[in-house]
Amino acid sequence: MRKNIVAGNWKMNKTLQEGLALAKELDAALKGRTVNCDVIIGTPFIHLASIAAAIDTTRIGVAAENCADKESGAYTGEVSATMVASTGARYVIIGHSERRAYYHETSPILMEKVKLALANGLTPIFCVGEVLAEREAGTHFEVVARQVEEALFGLKKEDFGKIVLAYEPVWAIGTGRTATADQAQEMHAHIRQIVAARYGEEVAADCSILYGGSCNGENAKELFSRPDVDGGLIGGASLSVEKFMPIIEAF
Ligand code: PEP
């Protein structure tokens with residue numbers, strides 16, 4: 001059965017000290033508590049090793065926000081999937097719309113990242129989502145289908161089965177404008193259908209598909225109540241325990 005997951009994406013926020021303090025505070029808040037979802041925090045690279053060593057990583061999974069599309073070598077400033085795995089992180093966010101838009105990450109590049117993440121035992125949290133103009137033009141279903149197909153459908157069935165998907169309409173990220181639960185459900189069901197057509201009903205039914213885009217303590221319960229919405233990828237509201245915890249508790 002697929003998992004419910006609430007994953008934070010800190011983006012380029014928090015110094016090492018601030019990030020460590022936040023991770024420890026979240027770990028303490030979750031200690032002894034039963035929650036009905038897996039909890040993950042996605043942090044900048046420099047935080048990964050310190051945070052993975054400071055918290056109970058069976059309680060909170062640690063994710064990188066990116067990894068390189070190359071194995072190793074002369075790529076100044078890049079961080080490989082092998083390096084990410086060596087920190088104790090178990091997940092990596094790949095294909096976030098900010099990476100696609102600002103760093104020109106195309107499907108072939110993302111496919112390489114996914115392959116390297118899997119080869120290093122990391123679970124990719126693979127993001128897809130349309131921009132506002134695409135939604136307004138009514139092309140959002142085909143845009144998202146293409147993003148999934150181009151980067152992921154070259155994978156073998158057993159590898160695809162290890163991936164977590166995140167639908168993040170770009171117009172909802174950091175804007176305060178959340179997709180309605182119906183819009184999220186509709187797109188998640190569409191994604192599941194495409195996956196079923198390529199890999200079969202069982203793989204599709206087992207695939208966790210998270211929603212991301214201005215998800216918060218007020219709207220999470222309704223979003224997560226939809227049958228194909230298996231949790232959230234949370235940006236702004238993951239930056240404090242006070243805001244993140246109600247989303248975790250929405251399950
Ligand atoms: C994100 O960056 O993945 C995200 C969903 O951001 P926010 O929750 O701030 O919209």
Side-chain angles (χ1 to χ4, degrees), residues 4-14 18-19 22-23 26 37-45 47-48 60-67 89 91-103 105 110 113-114 117 122-132 134-135 140 143-144 147-148 151 163-181 183-185 187-188 191 208-224 226 228-251:
N4 292 331
I5 300 170
V6 171
N9 172 19
W10 291 359
K11 312 194 186 194
M12 196 172 73
N13 291 296
K14 307 279 178 197
E18 290 165 349
L22 173 56
L26 182 65
C37 60
D38 286 3
V39 178
I40 298 168
I41 47 174
T43 84
F45 290 128
H47 299 57
L48 294 173
I60 303 173
V62 179
E65 298 173 14
N66 181 28
C67 69
Y91 301 85
V92 56
I93 299 169
I94 295 177
H96 192 280
S97 63
E98 289 151 18
R99 302 291 320 169
R100 291 177 188 261
Y102 308 146
Y103 302 96
E105 296 192 356
L110 298 174
K113 294 186 180 209
V114 168
L122 296 168
T123 298
I125 301 174
F126 189 81
C127 305
V128 293
E130 80 284 0
V131 299
L132 187 59
E134 291 163 339
R135 172 143 302 251
H140 45 293
V143 166
V144 167
Q147 289 171 339
V148 173
I163 287 179
V164 171
L165 294 177
Y167 168 57
E168 300 205 301
V170 180
W171 46 270
I173 297 178
T175 58
R177 182 178 167 191
T178 319
T180 64
Q183 285 172 322
Q185 166 58 28
M187 183 60 86
H188 285 221
I191 295 170
S208 295
I209 308 177
L210 316 184
Y211 166 79
S214 300
C215 183
N216 58 41
E218 272 94 68
N219 57 34
K221 216 180 193 96
E222 201 191 342
L223 284 160
F224 298 171
R226 295 301 197 267
D228 288 295
V229 180
D230 307 309
L233 181 55
I234 318 297
S238 71
L239 292 171
S240 77
V241 173
E242 196 192 349
K243 290 191 176 153
F244 197 42
M245 199 53 123
I247 304 175
I248 294 168
E249 287 173 334
F251 272 116

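Starting from 1, each residue takes its place in the sequence as its number. This structure is a prediction, so every number in the text was calculated from the model and none was measured. First listed ligand is number 1; within each ligand, the first listed atom is number 1.
Contacts of Cys127 with ligand 1, taken as heavy-atom pairs under 4.0 Å, are absent altogether. Contacts with ligand 1 closer than 4.0 Å are made by side-chain heavy atoms of Asn9 only, the backbone lying farther away.
Ligand 1 places these atoms under 4.0 Å from at least one heavy atom of Leu233: 3 (O), 5 (C). Taking a cut-off of under 4.0 Å to the non-hydrogen atoms of Lys11, the atoms of ligand 1 that pass are 1 (C), 2 (O), 6 (O). Remark: ligand 1 atoms within the under-4.0 Å shell around heavy atoms of Gly213 are 5 (C), 10 (O).
Among protein heavy atoms, the minimum distance from atom 8 (O) of ligand 1 is reached at Gly235 N, 2.8 Å. The protein heavy-atom contact nearest to atom 3 (O) of ligand 1 is Glu168 OE2, 2.6 Å. Atom 1 (C) of ligand 1 has His96 NE2, 3.2 Å as its closest protein atom, hydrogens excluded (heavy atom only).
The closest heavy-atom contact to atom 9 (O) of ligand 1, among the options Ser97, Ser214, Gly236, comes from Gly236.
Heavy atoms of Ala172 come nearer than 4.0 angstrom to ligand 1 in at least one pair.
Side-chain atoms of Arg177 do not come within 3.5 Å of backbone N or O of Ala172 as any donor-acceptor pair. Not a single donor-acceptor pair under 3.5 Å links the side chain of Glu222 to the backbone N or O of Asn219. At distances below 3.5 Å, at least one donor-acceptor pair connects side-chain atoms of Gln185 with backbone N or O atoms of Asp228. His188 contributes no side-chain N or O that, together with a main-chain N or O of Arg226, makes up a donor-acceptor pair within less than 3.5 Å.
Ion pairing of Glu105 with Lys113 is present here, as a side-chain N (NZ or NE/NH1/NH2) and a carboxylate O approach within less than 4.0 Å. In summary, Lys11 and Glu98 engage in a salt bridge, as defined by a charged side-chain N under 4.0 Å from a carboxylate O.
Residue Glu242 qualifies as open at atom CD: its count of foreign heavy atoms under 6.0 Å is 12 or below.
Checked against a 3.5 angstrom limit, the closest N/O atoms of Gly174 and ligand 1 fall inside it.
A donor-acceptor contact under 3.5 angstrom links the side chains of Glu130 and Tyr167, judged on distance only.
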